[in-house]
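What follows is a single structure, written as structure tokens, with notes after it.
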Amino acid sequence: MESQKIISKLPYSKPFLFVDEIVQINENGVEGTYTFDENLDFYKGHFKDNPITPGVILTEVMAQIGLVCLGIFLLDDSFNTTTSIALTSNEIEFLKPVFPKEKVTVISEKIYFRFGKLKCKVRMKNEKGEEVCTGIIAGMVISK
């Protein structure tokens with residue numbers, strides 16, 4: 001499945017779409033990028049006079065690229081408007097801050113995909129190639 005087609009199937013829109021590009025994707029994992037717009041609303045208060053991307057947003061970026069994009073790819077044509085991928089668990093370690101205008105790369109490696117559950121090892125790197133967070137994310141594929 002083509003990268004742009006995968007992005008178009010994501011169940012998000014601006015300002016909550018955190019995928020700019022899928023660099024590569026196959027049955028074992030995905031790599032994608034996102035650049036944080038300095039005008040995103042959460043920067044106004046996190047933190048006052050020193051904006052830093054909240055950890056929950058970093059987790060969301062990793063989930064959108066590393067879990068949902070990969071899930072759509074793995075499901076291929078069976079992913080449709082009645083299919084959802086819901087986050088079931090995450091264990092993330094935050095190592096460095098991410099600032100406005102920073103471009104990050106998410107690398108996700110599939111641990112397993114069985115019985116409707118996708119579990120991945122994810123890493124996020126900044127433009128310098130430094131790891132800013134890492135962990136495990138899992139989700140369930142739900143069809144209505």
Side-chain angles (χ1 to χ4, degrees), residues 1-81 83-114 116-142:
M1 184 183 302
E2 180 184 313
S3 296
Q4 278 309 116
K5 186 175 179 185
I6 293 168
I7 292 171
S8 73
K9 287 187 171 196
L10 288 167
Y12 316 105
S13 62
K14 297 268 182 200
F16 209 75
L17 174 63
F18 297 117
V19 183
D20 288 334
E21 176 187 22
I22 297 172
V23 177
Q24 66 170 334
I25 191 164
N26 61 44
E27 64 279 349
N28 296 312
V30 61
E31 181 177 333
T33 64
Y34 180 73
T35 302
F36 288 94
D37 182 334
E38 66 184 326
N39 297 312
L40 288 166
D41 220 31
F42 52 78
Y43 285 130
K44 293 176 186 170
H46 193 270
F47 291 97
K48 195 170 156 184
D49 302 322
N50 184 29
I52 295 174
T53 309
V56 67
I57 299 295
L58 297 178
T59 302
E60 182 64 27
V61 173
M62 290 193 296
Q64 285 188 22
I65 294 172
L67 194 74
V68 182
C69 286
L70 183 58
I72 291 169
F73 176 84
L74 293 172
L75 291 169
D76 198 14
D77 291 331
S78 63
F79 187 91
N80 57 48
T81 56
T83 310
S84 299
I85 299 176
L87 186 68
T88 58
S89 65
N90 70 74
E91 184 179 323
I92 306 297
E93 185 175 354
F94 301 99
L95 307 169
K96 291 187 175 288
V98 175
F99 300 101
K101 297 196 244 178
E102 225 175 321
K103 181 178 182 178
V104 295
T105 299
V106 174
I107 300 107
S108 175
E109 301 169 35
K110 179 181 73 176
I111 297 171
Y112 64 79
F113 181 47
R114 61 178 178 255
K117 186 169 185 176
L118 176 59
K119 188 172 187 177
C120 299
K121 178 181 178 186
V122 292
R123 296 177 289 139
M124 180 183 286
K125 294 183 177 187
N126 61 22
E127 290 177 277
K128 297 176 189 172
E130 301 167 322
E131 207 163 79
V132 296
C133 48
T134 184
I136 305 288
I137 295 180
M140 293 292 294
V141 176
I142 302 165

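Sequence positions, counted from 1, serve as the residue numbers for this chain. All of these numbers come straight from a predicted model, not from anything done at the bench.
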Checklist entry - Is there a side-chain contact (heavy atoms from CB on, under 4.5 Å) between Ile92 and Ile137 once you walk through the steps? => result CA-CA 8 Å; Ile92 306 297; Ile137 295 180; 3.9 Å; yes
Item to check | pair Thr83-Ile72: side-chain heavy atoms closer than 4.5 Å | outcome: no
Checklist entry - If you round to the nearest 0.5 Å, how far is CE of Met62 from CG of Asn90? => result 7.5 Å
Checklist outcome for this item: Heavy-atom closest pair (Pro97 atom, Ile52 atom, distance to 0.1 Å) is CB-CG2, 4.0 Å
Next on the checklist: Minimum heavy-atom separation for Pro54 and Phe42, please, with both atom names.
Outcome noted: CD-CD1, 3.3 Å
Item to check | Spatial distance of atom CG (Asn28) from atom CZ (Phe113) [nearest 0.5 Å] | outcome: 13.0 Å
Checklist entry - Can you find a pair of side-chain heavy atoms, one from Leu118 and one from Val141, that are under 4.5 Å apart? => result no
Item to check | Criterion side chain to side chain contact (heavy atoms under 4.5 Å, CB included) against Lys96, the qualifying member of Lys125, Lys128, Glu130, Met124 | outcome: Glu130
Checklist entry - Under a 4.5 Å cut-off applied to non-hydrogen side-chain atoms, are Ile22 and Phe73 in contact? => result no
Next on the checklist: Restricting to non-hydrogen atoms, name the atom on Cys133 and the atom on Phe94 that form the minimum distance, rounded to 0.1 Å.
Outcome noted: CB-CD2, 3.9 Å
Next on the checklist: So Ile85 and Phe79, do their side chains get closer than 4.5 Å, heavy atoms only?
Outcome noted: yes
Item to check | Heavy-atom side-chain contact between Asp41 and Pro15 under 4.5 Å | outcome: no
Checklist entry - Quick one: does Phe36's side chain get under 4.5 Å of Pro100's, heavy atoms only? => result no
Item to check | Working for side-chain contact (heavy atoms from CB on, under 4.5 Å), residues Thr88 and Lys119 | outcome: CA-CA 9 Å; Thr88 58; Lys119 188 172 187 177; over 6 Å; no
Item to check | Neighbour count >12 (heavy atoms, 6.0 Å) for atom CD, Glu91 | outcome: no
Next on the checklist: Determine whether a donor-acceptor pair (N or O, by modelled atom type, separation under 3.5 Å) exists between the side chain of Gln64 and the backbone of Phe16.
Outcome noted: yes
Checklist entry - Given the rule in the side-chain contact (heavy atoms from CB on, under 4.5 Å) test, do Phe18 and Leu58 qualify, once you have shown the distances and angles that lead to the verdict? => result CA-CA 9 Å; Phe18 297 117; Leu58 297 178; over 6 Å; no
Checklist outcome for this item: Output for pair (Met140 CE, Ser84 OG), nearest 0.5 Å, gives 12.0 Å
Checklist entry - Just how far is it from atom NZ of Lys103 to atom CG of Asn126, taken to the nearest 0.5 Å? => result 12.5 Å
Checklist entry - Could you go step by step and tell me if Ser108 and Leu67 meet the side-chain contact (heavy atoms from CB on, under 4.5 Å) rule? => result CA-CA 8 Å; Ser108 175; Leu67 194 74; over 6 Å; no
Checklist entry - Taking the side chain as C-beta and beyond, is there a heavy-atom pair between Ile25 and Ile6 under 4.5 Å? => result yes
Item to check | Donor-acceptor contact present, side-chain Thr134 to main-chain Glu93, <3.5 Å | outcome: no
Checklist entry - CG of Asp76 to NZ of Lys9: how many Å apart, nearest 0.5 Å? => result 7.0 Å
Checklist entry - Any donor-acceptor pair under 3.5 Å linking the side chain of Thr53 with the backbone of Val98? => result yes
Next on the checklist: How long is the straight-line distance from NE2 of His46 back to CG of Leu40, given to the nearest 0.5 Å?
Outcome noted: 13.5 Å
Item to check | Closest approach of Lys101 to Thr35 (non-hydrogen atoms, all atoms of both residues) | outcome: O-CG2, 3.8 Å
Checklist entry - Above 12 or not: heavy atoms from other molecules or residues under 6.0 Å from NZ of Lys121? => result no
Checklist entry - Where do Gly66 and Val122 come nearest, in terms of heavy atoms and distance? => result CA-CG1, 4.4 Å
Checklist entry - Got Lys110 and Leu74 here, is their nearest side-chain heavy-atom distance under 4.5 Å? => result yes
